[in-house]
2 protein chains.
Amino acid sequence: MATRTDAPTRREQILKEAARLFAERGFHGVGVDEIGAAVGISGPGLYRHFAGKDAMLAELLVGISDQLLTGAKRRLAEAGPAPGAVLDSLIEGHIDFALDDRPLITLHDRELDRLRDADRKLVRQLQRQYVELWVAVVREVYPALTEPAARSAVHSVFGLLNSTPHLGRRGSLPGRGATAELLHRMARGAFAAAGG
Amino acid sequence: MATRTDAPTRREQILKEAARLFAERGFHGVGVDEIGAAVGISGPGLYRHFAGKDAMLAELLVGISDQLLTGAKRRLAEAGPAPGAVLDSLIEGHIDFALDDRPLITLHDRELDRLRDADRKLVRQLQRQYVELWVAVVREVYPALTEPAARSAVHSVFGLLNSTPHLGRRGSLPGRGATAELLHRMARGAFAAAGG
DNA sequence: CAGCGAGGTTAGCGGTCGTTAACCTGAGGG
DNA sequence: CCCTCAGGTTAACGACCGCTAACCTCGCTG
């Protein structure tokens, strides 16, 4: 785990704030002036760092998709041969992401259609690979599942895990660890019910 | 079941198309001219039927929330005393809604923040009542669940059931009945894993 | 210390969008 | 047979928004 200790660059600040604002009010609902104000500069100063508003969204969505897929591939390689353990590792990774990067998880399935064709195709390809990776693992654990059923089940579990933004704005949920564990149990339970 | 046989009114046509467009491209991403064109009139003609674009969204969101809550109350009253049967009925109702009104389910948890304060408060209150109704039923079936845990579980299952828009744009999913049954089993499995 | 590039600033252009104004039309009723 | 009014039309206004232009100001560096 390579933890970042150096200060975030301006680009990273902008991306983080843009993600938060896009998730809160939607891509078209946020003006460039607001994004600038959120990082202490104003309006057109953003164009020293990004080609345009679209470019920020594109970089966010490609980054998310790539990070999810890369993490899943790594977990697939690192985990032992037991399919159940691999599935647990995938679930754990997705939960970490959903809990730590709520705005990004929100954008991920909400603002995809605002991208240019090229970027959208790339993101969709990464997403598809991620899904297919899950589908293969799930079918190893539950061989009774047909491929379409497994794919539906995977999408549904993503919906379950990505519901974290709807869980209490701040607090009221019983701590990060307990929430992660609850989500994990529910995901396994949902898969088991689908494929048992 | 009072099935509609008469033709839809102009207002209803507009609402239906507006819901579809809002779900596809987001509230701010759709112009009034597009909504008008979708029902064969153009642009400002909409203002003979609605006070403004906001009013359309408000009517849609209030309608959804009200319909969900009303349906749930009815099922609660009609079902027998067995808590498990009540929960099954709630799940069935939510799945019917998610499968038959995909655009509305999408709007329901995506465009809430674009409402005026008064409308947003109303919608949130209806949503909260709906959630609390589920929480009570779930805790009857699984008494081991604390209230916060039950609430988290309910939100997560909503995420699972509301994932239907992500299941194959058209086709590729194994028929409506099979999909409904799969979702139902997964929802029950998720609750069981949370509260067993 | 001159020069320069990175990273800001403000002013303003061009296009889009929600909304209003003014006008038209055809069906129904006294 | 006119009057009304529901339900359209097009033109246009005002606000906003993404983006560019032009300019400024440091901190380096040769």
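Below, chain A is the first sequence line, B the second, and so on; all start at residue 1.
- Atom pair B/Ile41:CD1 and D/dT10:C1' shows a separation of 14 Å (rounding to whole Å applied).
- Residue contacts shown for A/Val30 are limited to sugar-phosphate atoms, with no base heavy atom under 4.0 Å away.
- Protein atom CZ of A/Arg10 is 9 Å distant from nucleotide atom C1' of C/dG8, rounded to whole Å.
- Neither OP1 nor OP2 of C/dC17 sits under 4.0 Å from any side-chain N or O of A/His28.
- Projected onto DNA chain D by closest heavy-atom contact, B/Pro44 and A/Ala51 fall at different nucleotides, the more 5' of which corresponds to B/Pro44.
- Within the nucleic acid shown, A/Gly52 comes within 4.0 Å of sugar-phosphate atoms alone, with no base atom in reach, counting heavy atoms only.
- The distance from atom CZ of B/Arg48 to atom P of C/dT20 is 11 Å, rounded to the nearest whole Å.
- Atoms CD1 (B/Ile35) and P (C/dC17) sit 11 Å apart, rounded to a whole Å.
- Looking at A/Arg176 and A/Asp96, a side-chain N of the basic residue comes within less than 4.0 Å of a carboxylate O on the acidic one, giving a salt bridge.
- Taking all atoms of both residues into account, the shortest heavy-atom contact from A/Gly189 to B/Ala193 is CA-CB, 3.7 Å.
- Taking only side-chain nitrogens and oxygens, B/His49 never comes nearer than 4.0 Å to OP1 or OP2 of D/dA6.
- You'll find the side chain of A/Leu160 stays beyond 4.5 Å of the side chain of B/Met186, heavy atoms only.
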Worksheet item: Would A/Val157 and A/Leu161 satisfy side chain to side chain contact (heavy atoms under 4.5 Å, CB included), going step by step from the backbone distance to the final call?
Response: CA-CA 6 Å; A/Val157 167; A/Leu161 298 178; 4.0 Å; yes

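- We find that CE of B/Met56 is positioned 11 Å from C1' of C/dT19, with the value rounded to whole Å.
- One interatomic measurement links the two molecules: CG of A/Asp33 to C1' of D/dC19, which rounds to 11 Å at whole-angstrom precision.
- Using a 4.0 Å heavy-atom criterion, one finds that A/Gly45 contacts the bases of the nucleic acid, with or without backbone contacts as well.
- The CZ-P distance, from A/Phe50 to D/dT20, rounds to 15 Å in whole Å.
- Remark: C1' of C/dG18 and CZ of B/Arg116 are 12 Å apart, rounded to the nearest angstrom.
- Using a cut-off of 4.0 Å between Lys/Arg side-chain N and Asp/Glu carboxylate O, A/Glu147 and A/Arg151 are scored as salt-bridged.
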